[in-house]
Amino acid sequence: MAQNASVGLTGRPGWQRLWSDERTRGLIYQLLAVLGLALVVAFIVSNTIANLQRAGLASGFGFLFDQAFFDINQKLVEYSSTSTFGRALIVGMLNTVLVSAMGIVAATAIGFFAGVLRLSPNFLLSRIVGAYVEITRNVPLLLQIIFWWVVLSGLPKVRDSLALGDAVFLNNRGVRLPAPLFESGFEWVLAAALAGIAAAVYVARWARRRQQLTGQNFPVVWTGLALIVGLPALVYWIAGSPVAWDIPEPTRFNFRGGFNVTPELVALWIALSTYTGAFISEIVRAGILSVSKGQTEAAGALGLRPGQTMWLVVIPQAMRVVIPPLTSQYLNLTKNSSLAIAIGYQDLVSIGGTILNQSGQALEVVGIWMAVYLGLSLLTSLFMNWYNRRIALVER
Amino acid sequence: MTARPFHRSQAEMLPERAAPVTTAGPVGWLRANLFSSWSNTAFTLIALYLLWLIVPAIADWAFFNADTAGDDRFACKSSGACWAWVDQRIGQFLYGFYTADQTWRVDLAVILLIPALAPLLFEGVPFARQLRWFSLAYPVVATFLLVGGIGLEGIPTDKFGGFMLNLTVGLAGIVLSLPIGILLALGRRSRLPIIRILCVGFIEIVRGVPLITLLFVSNIILPIFLPPDVTVDSLIRVIVMVTAFASAYMAEVIRGGLQAIPRGQYEAAQALGLRYWPMMFLVVLPQALKISIPGIVNTFIGLFKDTTLVIIIGLFDILGIGNAMVSNPDWLGLATEAYVFIAFFFFIACFSMSRYSIHLEKRLDTERRD
């Protein structure tokens, strides 16, 4: 039989025999792919060199040290129009990170809240949350961002700002908040806060171990709250309230003191967190539903209260289903923050676009964009993968 | 000692018990879903209060207090919405910059979409076999209708705009990204290392960056990459980029489906003597795609919503037309009206896509036990 097969093969002409061999065929496919790619790359590179020469542009990242002549109104680090392009890009990147981090926190809170409410036995409640989810998920994010921005620009002018308790002012230039001024002695409060967090983590671990060994419960949440909030508050009081608040005061045309959060940032933040929150709520809902009913019943049979069942039995198991898609929602939120350009929030893409127009270094700027976003994606997924491994099911 | 009776008997009738609380009918439903406990009742009251606050206000704004006639915003005198612009601007919102005598071509293309899609989407459509040939030809027919050519007046693609531009980019992206996504997913699981590396590289890079940067690449970088005398139509560039973006996500969705197919299916197909492509197309992909339906449709919905991003590189889709109208002195400040109107279009399109996917999932579910 085997002999027959080999005779059959050898009977064919040589090229056909080669073609019938899976490995040779694979090799040929791959060679063709490499050849095709090499041709495309060569074509692009030769065109690029010719085009850049014609335009008289020097490639390279030297332009990062040139002076940027534009101003940025939303900045986390020192920046002025005499700073360099490189610094402007850093400001932009920090703005991207800022709105993404704020968005991730808010979207997670909204998502978990809405996801649990969607499963509420109350018909009306679950339908209202359902309407929120369906409306935000099925309308383009860009539209929502522009919508919120327009709503915020529709707030009263600075002169007739809406005041919330004489300290927070809403107007069409954004939200004016009291700014904290740290005086000497504040470092002790900070140290106390850190110590409180460390102690709370230690207590939580100790209580967990004790619970696993003896089954005895310990009020971790209250102790933790007391340590994290109470300890710094105590030190704050002892140190003689070392934080002064710079409360904004309305002047004729503007405010004195406080700091301003731009309407662009607020609009982007609201839109990103409500949009992503809707997606997260669906993920949370699916996660909770994926935990079989037997788990809840078993927990009830063991005498756990409904709240305990939710937090000790259902949520930990649901998290395993929730984490991977949650990660990709966080990544989407970070990438979607680039839509900021439509309303003029100066994030990485927006500032990169300005630099691109001023310096003409298109390839380099686009390269930086891609590198930064790929880097952010990588960091987020590394962290979430680490968390996922920690909570993954340990199978026998 | 009197003998106690062996069994006890009731001398008189017990009083009648009240009927149990009904669990059927509207009252039972109300009890079970709205007033089952104190907290539940409280939630119901809060929800009713919220609805009472919101729904009449919205209805008043959108319908009862709205103005519908007039030539500019000054004609709108009431407190509600001003819909007067719709009559004047609806053409632009739907057809972009097509002249009025040419809009029938867009209408016809949309009407022809119905017989093209029906045999693909639903069962029991009459003449389904013949219609499928038409579905195959539809992209060519639609392109001919929209762009023109033999016998029809040519329309340059920069006249495309409004919702029709969203539909064009969205449908083209949907039609192209599914097959490309399938190929990428197969490539990512290929045994040939170079093919696999190329596919992984493409998928991960595209998924790692925002769509905006890809659109900028097509706008700014492509002219640098091409010889100076070659220009690519901006609509085609957008379609290519949107497709590339969606197909990377599609590839990951389908890869998930492929991973869920047990090895035995591959081995059985190979035992039957099927080669790679017949095995994939006849055995593996039909099962994998079925599992991936929710993800595929979600990618489609995402793609369709992303078509609004074309405004960032200067095309006027329905959102771009809306933005232009809102800054026009005649209609200045009617932003809420314009954006609600636009949102309505997307909501209808995306919501029906997601409903259809649920329907399809149920129809294809062969493991249903009920």
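Reminder, nothing fancy here: chain letters follow the sequence lines and each chain counts from 1. Any value given below was found using the heavy atoms of this structure, including those in side chains, with hydrogens, waters and symmetry copies removed.
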With chain B, which of [options] has the greatest number of heavy-atom pairs at distances under 4.5 Å?
{"options": "Val45(A), Leu31(A), Leu339(A)", "value": "Leu339(A)"}
{"options": "Asn336(A), Thr334(A), Ile146(A)", "value": "Ile146(A)"}
{"options": "Asn332(A), Leu376(A), Leu142(A)", "value": "Leu142(A)"}
{"options": "Ala50(A), Gly353(A), Gly352(A), Ser338(A)", "value": "Ser338(A)"}

Answer with side chain, backbone, both or neither: which region of [X] has an atom nearer than 4.5 Å to a non-hydrogen atom of chain A?
{"X": "Tyr339(B)", "result": "both"}
{"X": "Arg355(B)", "result": "side chain"}
{"X": "Ile301(B)", "result": "side chain"}
{"X": "Leu34(B)", "result": "both"}
{"X": "Pro223(B)", "result": "backbone"}
{"X": "Leu198(B)", "result": "side chain"}

For Ile128(A), which atoms come within 4.5 Å of any heavy atom of chain B: side chain, backbone, both, or neither? side chain

In terms of heavy-atom proximity below 4.5 Å to chain B, should Asn138(A) be classed as side chain, backbone, both, or neither? both

Ignoring hydrogens and angles, state whether a donor on the side chain of Asp347(A) or Asn95(A) is under 3.5 Å from an acceptor on the partner side chain. no

Have Thr308(B) and Asp317(B) got a donor and an acceptor in their side chains that come within less than 3.5 Å? no

Within 45° of the six-membered ring axis of Tyr275(A) and under 6.0 Å from that ring's centre, is NZ or CZ of Arg137(A) located there? no

Of all heavy-atom pairs linking Leu374(A) and Glu204(B), the shortest is CD2-O, 4.0 Å

